[in-house]
Structures are given as C-alpha cells and as structure tokens.
Q: 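Below are the structure tokens for one structure; questions will follow.
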Amino acid sequence: MALRLYDTKTAQLREFQPLEPGKVSLYYCGATVQGRPHVGHVRSAVAFDILARWLQHRGYQVTTVRNVTDIDDKILEKSGASYAEGFEPTEDYPAADPWFALAYRFEQIFNAAYDAVGVVRPSYEPRATGHITEMHALITRLIETGHAYPALDDSGDVYFDVHSWERYGELTHQSVDDMQDAPDADPRGKRDPRDFALWKGHKPGEPETAAWDSPWGWGRPGWHLECSAMSTKYLGETFDIHGGGRDLRFPHHENELAQSAAAGDGFARYWLHNGMVTYAAEKMSKSVGNTVSPDQMLTEAGPKAVRYWLASAHYRSELDYKPGALQEAESALERIENFLDRALPETDTAVASAELPSDFVEAMDDDLNVPAALAVLHQTVRAGNTALNSNDDAAAALAAQVHQMLQVLGINDVPEPAGADSGPTAEALSHLVEAQLAQRAEAKQAKDFARADAIRDQLATIGIQVEDTPSGAVWTLKGGA
RNA sequence: GGUGGGGUGGCCGAGUGGUUAGGCAGCGGUCUGCAAAACCGUAUACGCGGGUUCGAAUCCCGUCCUCACCUCCA
C-alpha cells in the first residue's frame with residue numbers, strides 16, 4: 001500500500017510520489033522568532049518530524065528545511081521598544097536589545113524546545129536575513145513578468161499584483177473579489193488593498209542594521225518572500241512537500257505560491273497543514289494570551305509523554321490542551337515502558353531488525369494516522385504482557401515491535417532529562433533505598449507485614465514507589481511526591 | 001460576506017454503510033500477606049429533525065451549535 005497524504009491545494013488524499021525516485025524534499029515553516037515558543041509551535045514541529053521520520057522509514061532520503069523568520073515588524077517593534085524611555089525590562093526582553101540579538105536569543109529557545117521533545121534538526125535551517133540576494137532576484141523576475149511593481153507612493157515598497165495572477169487564491173479556494181478587506185487596511189501605494197509586500201522600504205526610525213540596499217532603495221524583505229526564495233534555493237524550483245500550521249494557509253502560503261508560480265517556478269507539489277492547538281477550545285496564540293509554554297508542559301509530564309501527547313491526535317485535527325491531558329499521556333506511556341522494561345531488560349540487538357506490524361504501517365500510510373498507529377502499539381503491548389504472564393517466547397518479538405514503533409514515532413529519541421538517573425547523588429540515593437528495601441525484605445521474611453508496609457509507605461511519602469516482583473522488590477522515583 | 005474544518009461514551013481521541021478502535025479514569029475479578037504492575041470481564045456513544053437502505057456515527061436534505069482563516073500568527 002502506498003503512502004497517501006492530504007493535500008490542501010487539491011483538497012484530497014493523494015498518493016505520494018516524489019519528484020525524484022528515492023528522494024523527498026520537505027519544507028516547513030518555522031517560527032518568527034519574536035518571543036518564546038508555545039505548545040502550538042512544538043506541535044507543528046513534531047507533526048512534520050513524524051512525517052520526515054516516516055518518509056525515511058519508507059526508504060526515502062529526506063531533505064528537510066525549516067526557516068527562521070529573523071526579521072519582521074514585531075521583532076523590530078519589540079527591539080525598538082527596549083530603547084524607549086521608561087521601558088521596563090524583563091527576563092525575556094532586556095533593555096537596549098538589538099533586533100538581531102532578540103531574534104537569535106529566541107531562535108535558540110525555539111531550538112531548545114524542539115530538541116526537548118526529540119524533533120530532529122532539519123537538514124538546513126536558513127534565516128531570512130541571510131537570503132536577501134535571492135529575494136532580490138525573485139522580485140526582479142516578478143517585476144519583469146509584470147506581477148510586481150514598485151509602490152505608487154514614495155515608500156520604497158514593492159508589491160505583488162494579485163490581479164495580475166489569475167490563479168491567485170488557488171491554494172485556499174477563494175476568489176480575490178470575495179475576500180474581505182482588512183478593516184485597518186492601509187492602501188499605501190497599492191493598486192489593490194490585497195496586493196502584498198515583497199519588499200518594504202526603510203522607514204525613518206527603523207535601525208540602519210535592519211535595512212539592505214536594493215534596486216528599489218533601502219529596505220527589508222516582506223514576510224512571504226523568504227519562503228519562496230529559500231525553498232527554491234535549497235530544494236529546487238519544484239519540490240515535494242510544503243508544510244506549516246493551518247493558520248498559515250492564508251495569506252502566507254497563498255502568497256508564497258502566487259509569487260513563486262508567477263515567477264515560473266513549480267514550487268510545492270503537496271501542501272500539508274497541521275491543526276491548531278487550542279486551549280478551552282480557542283486557538284492558542286500570543287495575541288489571545290492563552291499560551292502554554294513547552295517548559296510548563298515539561299513540568300507536568302516527562303518529555304516523552306509530552307511528545308506522545310502532541311502526537312496523540314491526528315496532525316490535521318485540533319489538539320485541545322487541558323490540565324490533566326499530559327498526565328493521561330504519561331500513564332499510557334508508562335504502561336508501554338513497563339512492558340518494555342519487563343520484556344527487554346537488556347538492550348537486545350534483535351530489536352533493530354524487528355518489522356513493524358502491518359496495521360501500524362497501514363495507519364501511518366493513511367495520511368499519518370498516528371492515533372490509529374498508537375492503537376496498534378497498545379494492542380501489541382497487551383499481547384506482549386499476556387505473553388509475559390504465561391512465559392510465552394513471543395514476548396521478546398512483540399517488545400521488539402513496540403520498540404520499533406516508538407522509534408518511528410520519535411518517542412525513543414526524546415532525550416531524558418539529565419540528572420536523577422546517574423552521578424554521585426543518584427548513587428548515594430540508591431544505596432539508601434536499597435538498605436531500606438533490605439530491611440523490608442527481612443521484615444517480610446519474618447511475616448512482620450506491618451513493618452514492611454511502614455517502610456514502603458515511608459518511601460512512598462518521599463516519592464519512591466516500591467513494587468514487589470517475582471525477582472524481588474524494585475523501586476522507582478516518581479516525580480511530584 | 002467568502003473559504004475550509006468540527007460536533008463520537010465520564011474525559012481524550014480514531015473511524016465514511018453491516019463485524020472490538022485505542023488510551024485515561026470507573027466498576028468487578030485473577031494474581032499478591034496487602035499493595036503495585038499485568039491480565040480478564042464490564043457499563044456509558046455517535047448535536048437535533050427528516051430521508052435513502054434489509055441495515056447509517058458513516059450517504060442525502062434541513063437545522064442548531066462551534067472552530068479556523070480572510071489582519072501578525074505553528
């Protein structure tokens with residue numbers, strides 16, 4: 001069975017066929033680094049990370065590009081504000097903060113957030129400001145072909161002429177005439193309010209460092225242009241998959257498509273969009289102020305559980321964040337890991353060669369139906385536990401399958417938080433607990449269950465859970481004691 | 001006004017005509033000194049009203065509610 005993906009542009013499931021046999025080029029929109037990431041950003045990255053991993057699993061050589069928008073109105077605004085009289089600095093926004101320092105600082109925080117849940121770094125991570133030359137070339141082509149024009153006023157802007165491109169609206173299935181004008185639309189030097197900026201002329205008050213020379217005067221790039229210029233540079237004029245959040249479909253992706261196609265490029269062959277993360281059924285976003293940070297999630301559950309939760313709804317569905325959701329994921333994941341601990345006490349080399357269950361493969365091939373794939377994973381865990389309970393040899397093979405499924409979903413690659421498990425502190429703790437457990441074993445031997453239970457309860461109150469197994473007591477450190 | 005999604009059992013969340021999604025939380029049981037873990041069993045379901053069909057959560061019509069985008073947004 002072939003991999004099928006839902007393509008926004010044609011609004012249907014399409015069998016995936018790469019442009020070049022054996023290779024896949026994937027571009028997905030990263031963040032505008034003007035502030036800290038929230039859960040929605042991480043969800044999107046996890047969705048496309050799983051796509052990349054699945055393509056790789058299917059044998060494709062995948063080239064992944066995720067852009068960094070390191071210059072835009074908000075970045076300049078926030079930087080500008082940090083120089084103003086009476087500015088109150090915060091940890092995130094210090095005083096006298098150059099725009100490039102601000103952008104790079106948040107870029108690193110974004111990367112830390114992606115890393116924390118095991119998102120593989122893309123092949124390339126280009127920044128908008130590093131591709132001004134390529135953008136100029138694209139603007140020039142658009143002006144030459146009559147699809148772009150310098151502003152009619154003296155702003156120094158250059159606009160894309162939406163009426164010059166009759167396919168405009170094809171991605172989101174809208175016609176220009178039906179689009180509602182922005183209530184606060186500033187017509188500036190536009191022929192039509194819906195024309196969008198390719199190049200923004202330098203404005204008085206904006207820093208000199210945020211302006212580049214161009215055939216149309218000093219200025220800086222418009223938002224949409226970078227993705228067209230960079231995807232083409234790194235992946236070619238036509239490439240396989242373009243991804244991003246659903247909220248980017250319009251205007252961002254529509255505009256990207258228009259400017260690239262109008263310039264004669266084939267551009268993306270499949271468009272994939274992930275659903276929004278909501279909070280109390282409302283889209284999580286900075287402007288609404290209902291964001292939850294990756295750090296906050298990580299205080300509620302382990303990083304693997306966070307990734308599990310982010311993947312637990314289909315990538316095109318909305319994912320509603322609510323307190324308790326992460327604990328549920330943690331419980332589910334714990335059952336999986338308990339099984340693996342029991343069935344694969346030591347690293348087994350046979351694990352790597354295990355084949356994925358066909359139902360799992362089928363689910364993933366069906367537009368990355370991760371919830372259905374997880375159902376297969378859980379069924380395998382149950383079968384494995386049953387096998388273990390009856391000393392059936394099948395357990396090891398099932399465990400190997402479970403391991404492989406976790407691998408493909410990227411859950412195994414989530415780094416464990418450093419600290420608790422190793423080092424002198426852990427060593428000392430281990431000795432203390434083992435001593436207690438030895439006493440408890442003695443008490444149990446003597447049928448002094450009251451004392452044995454007292455020891456267990458005492459350990460429980462400091463966050464150490466004791467469980468009796470056929471091979472003796474084992475203990476685990478539980479957070480949040 | 002335009003475009004595109006949704007409304008599934010206590011909660012989350014798959015599923016597009018007939019046979020168990022799955023998880024979490026409950027309840028009962030097995031195991032255990034007691035627990036824990038694990039397994040077994042179990043209840044609660046498809047927004048509302050019509051229609052098509054032998055049969056609909058799934059198709060059609062109507063209706064209500066809701067979300068996203070059209071302005072920066074993963």
Side-chain angles (χ1 to χ4, degrees), chain A residues 8 11 28-32 34-35 37-48 66 69 72-74 77 110 169 172-186 194 223 243-252 254 273-278 281-288 308-309 312-314 316-320 322 324-325 327-336 338-339 341-342 359 363 366 369-379 381-382 384-390 444 447-450 452-453 456-457 460 465-470 473-474 476:
Chain A
T8 303
Y28 71 95
C29 284
T32 299
Q34 49 115 349
H38 59 67
V39 179
H41 298 112
V42 181
R43 193 260 176 118
S44 181
V46 166
F48 291 105
R66 181 180 65 214
T69 302
D72 89 319
D73 291 353
K74 284 195 173 160
E77 234 172 71
F110 266 87
T172 51
H173 318 108
Q174 307 177 82
S175 74
V176 179
D177 297 328
D178 287 338
M179 288 177 197
Q180 203 168 55
D181 290 355
D184 56 347
D186 172 12
R194 285 154 289 215
W223 175 35
R246 203 197 285 291
D247 54 353
L248 295 184
R249 289 182 306 179
F250 193 93
H252 186 51
E254 190 73 71
H273 291 98
N274 66 273
M276 300 292 97
V277 175
T278 56
E282 191 175 14
K283 178 184 161 188
M284 187 177 288
S285 75
K286 275 231 147 72
S287 46
V288 178
Y308 177 99
W309 178 72
S312 66
H314 184 96
R316 284 194 282 120
S317 299
E318 280 182 0
L319 179 62
D320 196 41
K322 57 169 57 179
Q327 280 87 342
E328 278 185 22
E330 184 105 70
S331 299
L333 190 59
E334 216 165 88
R335 186 165 143 269
I336 296 166
N338 282 342
F339 165 61
D341 286 346
R342 288 211 295 160
D359 287 354
D366 182 17
N369 191 339
V370 175
L374 285 173
V376 176
L377 197 159
H378 279 107
Q379 281 163 350
V381 167
R382 181 182 302 142
N385 274 321
T386 301
L388 274 180
N389 288 350
S390 56
K444 280 182 66 177
K447 306 272 184 206
D448 184 357
F449 295 120
D453 289 350
R456 184 171 63 194
D457 291 346
Q465 187 186 324
V466 176
E467 292 170 36
D468 291 320
T469 73
V474 296
T476 43

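In the text below, chain A, chain B and the rest are named by the order of the sequence lines, each starting its count at 1.
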Q: Under a 3.5 Å limit for both distances, which nucleotide forms a Watson-Crick or G-U wobble pair with B/G26, could you say?
A: B/U42

Q: With distance as the sole criterion, do the side chain of A/Asp468 and the base of B/C34 form a donor-acceptor contact below 3.5 Å?
A: yes

Q: A/Phe250 near the nucleic acid: base, sugar-phosphate alone, or nothing, with a heavy-atom cut-off under 4.0 Å?
A: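 Answer is sugar-phosphate: A/Phe250 comes under 4.0 Å of backbone atoms only.
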
Q: Which nucleotide in the list B/C39, B/G13, B/G33 gets nearest to the side chain of A/Leu319?
A: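 Within the option list, the nearest is B/G13.
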
Q: Using Watson-Crick or G-U wobble geometry with both distances under 3.5 Å, which nucleotide pairs with B/G62?
A: B/C48

Q: Which part of the nucleic acid does A/His314 contact within heavy-atom distance under 4.0 Å: base, sugar-phosphate only, or nothing?
A: sugar-phosphate

Q: Determine the Euclidean distance between corresponding P atoms of B/C40 and B/C31; express it in Å to zero decimal places.
A: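 Those two atoms are separated by 16 Å.
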
Q: Is there side-chain contact between A/Arg43 and A/Asn274, with heavy atoms separated by less than 4.5 Å?
A: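 Counting from C-beta outward, A/Arg43 and A/Asn274 do come under 4.5 Å.
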
Q: Using a heavy-atom cut-off of under 4.0 Å over every strand shown, decide if A/Lys447 touches base, sugar-phosphate, or nothing.
A: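 Counting heavy atoms under 4.0 Å across all strands, no contact is made by A/Lys447.
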
Q: Do the side-chain N or O atoms of A/Lys444 get closer than 4.0 angstrom to the phosphate oxygens (OP1, OP2) of B/G33?
A: no

Q: B/G33, B/A36, B/G13: which one has an atom nearest the side-chain heavy atoms of A/Gln465?
A: B/A36

Q: Could you tell me how far B/U53 sits from B/C60 if I compare only their C1' atoms? Round to whole Å.
A: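 Straight-line distance between the two C1' atoms is 12 Å.
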
Q: Can you tell me which nucleotide in B/A74, B/A35, B/A38 comes closest to the side chain of A/Arg342?
A: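 For A/Arg342, the side-chain atoms sit closest to B/A38.
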
Q: Quote, to the nearest angstrom, the C1' distance that separates B/G15 from B/C54.
A: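 Those two atoms are separated by 23 Å.
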
Q: Are side-chain heavy atoms of A/Met284 and A/Leu319 found at a separation under 4.5 Å?
A: no

Q: Looking only at the side chain of A/Leu248 (C-beta and beyond, no hydrogens), which of the listed nucleotides B/A74, B/G2, B/G23 gets closest?
A: B/A74

Q: Between B/G29 and B/G6, how far is it from one C1' atom to the other, in whole Å?
A: 40 Å

Q: Taking for each residue the nucleotide of RNA chain B with the nearest heavy atom, is it A/Asn389 or A/Ser331 whose nucleotide lies nearer the 5' end?
A: A/Ser331

Q: When all nucleic acid strands are considered with a 4.0 Å heavy-atom cut-off, which category describes A/Glu318: base, sugar-phosphate, or nothing?
A: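 A/Glu318: backbone/sugar contact only, no base atoms under 4.0 Å.
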
Q: Quick one: does A/Asn369 reach the base of B/G15 with a side-chain donor-acceptor pair under 3.5 Å?
A: no

Q: Output the single nucleotide from B/C70, B/C12, B/A14 whose closest atom is nearest the side chain of A/Met179.
A: B/C70

Q: Considering only atom C1', compute the distance from B/C24 to B/U30 and round it to an integer number of Å.
A: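 Here B/C24 and B/U30 have their C1' atoms 22 Å from each other.
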
Q: Contact class for A/Gly244 (heavy atom, under 4.0 Å): base, sugar-phosphate, or nothing?
A: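 Sugar-phosphate: the residue A/Gly244, judged by heavy atoms under 4.0 Å, touches backbone atoms but no base.
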
Q: Could you give the distance separating B/C59 and B/U8 at their P atoms, to the nearest angstrom?
A: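 Looking at atom P only, B/U8 and B/C59 are 16 Å apart.
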
Q: Would you classify A/Val277 as touching base, sugar-phosphate or nothing, given that sugar-phosphate means primed atoms plus P, OP1 and OP2, and contacts are heavy atoms under 4.0 Å?
A: base

Q: Among B/C39, B/C34, B/A14, which nucleotide sits nearest the side chain of A/Arg335?
A: B/C39

Q: Is there a donor on the side chain of A/Gln379 or the base of B/G22 sitting less than 3.5 Å from an acceptor on the other?
A: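 Flag unset: no donor-acceptor pair detected.
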
Q: Taking 4.0 Å as the cut-off, does a side-chain nitrogen or oxygen of A/Lys283 come that near to OP1 or OP2 on B/C69?
A: yes

Q: Tell me, with the steps shown, if A/Gln174 and A/Thr172 meet side-chain hydrogen bond (donor to acceptor under 3.5 Å, both in side chains).
A: CA-CA 6 Å; A/Gln174 307 177 82; A/Thr172 51; 2.7 Å; yes

Q: Return the nearest nucleotide to the side chain of A/Arg382; candidates are B/C39, B/A74, B/A14.
A: B/C39

Q: What nucleic acid atoms does A/Ala325 come within less than 4.0 Å of, heavy atoms only: base, sugar-phosphate, or nothing?
A: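 Touches nothing.
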
Q: Under the rule for side-chain hydrogen bond (donor to acceptor under 3.5 Å, both in side chains), what residues qualify as partners of A/Asp359, not counting sequence neighbours?
A: none

Q: Base, sugar-phosphate or nothing for A/Gly30? Non-hydrogen atoms, less than 4.0 Å.
A: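 If one applies the 4.0 Å heavy-atom cut-off, A/Gly30 turns out to touch the sugar-phosphate alone, with no base involved.
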
Q: Map A/Met284 and A/Glu467 onto RNA chain B by nearest heavy atom, then report which one ends up closer to the 5' terminus.
A: A/Glu467

Q: Can you label the angle between the A/Phe48 ring and the A/Tyr28 ring as parallel, tilted or perpendicular, going by 30° and 60°?
A: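 Parallel, since the angle between the ring planes stays under 30°.
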
Q: Please give the distance between the C1' atoms of B/G23 and B/A14 as a whole number of Å.
A: 11 Å

Q: Picking from B/G4, B/A38, B/A74, which would you name as closest to the side chain of A/Asp247?
A: B/A74

Q: Contact between A/Arg246 and A/Thr8 at the side-chain level, heavy atoms closer than 4.5 Å - yes or no?
A: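 Side-chain contact under 4.5 Å: no.
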
Q: What contact category does A/Asn385 fall into here, base, sugar-phosphate, or nothing, at under 4.0 angstrom with non-hydrogen atoms?
A: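 It contacts sugar-phosphate atoms only.
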
Q: Using a 3.5 Å distance criterion without hydrogens, assess whether the side chain of A/Arg342 forms a donor-acceptor pair with backbone atoms of A/Leu388.
A: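 No; zero donor-acceptor contacts below 3.5 Å.
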
Q: Within the structure shown, what part of the strands sits under 4.0 Å from A/Ser390 by heavy-atom distance: base, sugar-phosphate, or nothing?
A: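 No contact.
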
Q: Quick check for you: among B/A38, B/C40, B/A74, whose closest atom lies nearest to any side-chain atom of A/Asn338?
A: B/A38

Q: Establish, with yes or no, whether the OP1 or OP2 oxygen of B/G22 is under 4.0 angstrom from a side-chain nitrogen or oxygen of A/His378.
A: no

Q: If you take atom types as modelled and just measure distance, does the side chain of A/Arg249 reach the base of B/A68 with a donor-acceptor pair under 3.5 Å?
A: no

Q: Give the nucleotide from the list B/A74, B/G33, B/A14 with an atom nearest to the side chain of A/Ala31.
A: B/A74

Q: Quick one: are A/Arg335 and A/Arg382 in side-chain contact, heavy atoms under 4.5 Å?
A: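 A side-chain contact exists here, since the closest heavy-atom pair is under 4.5 Å.
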
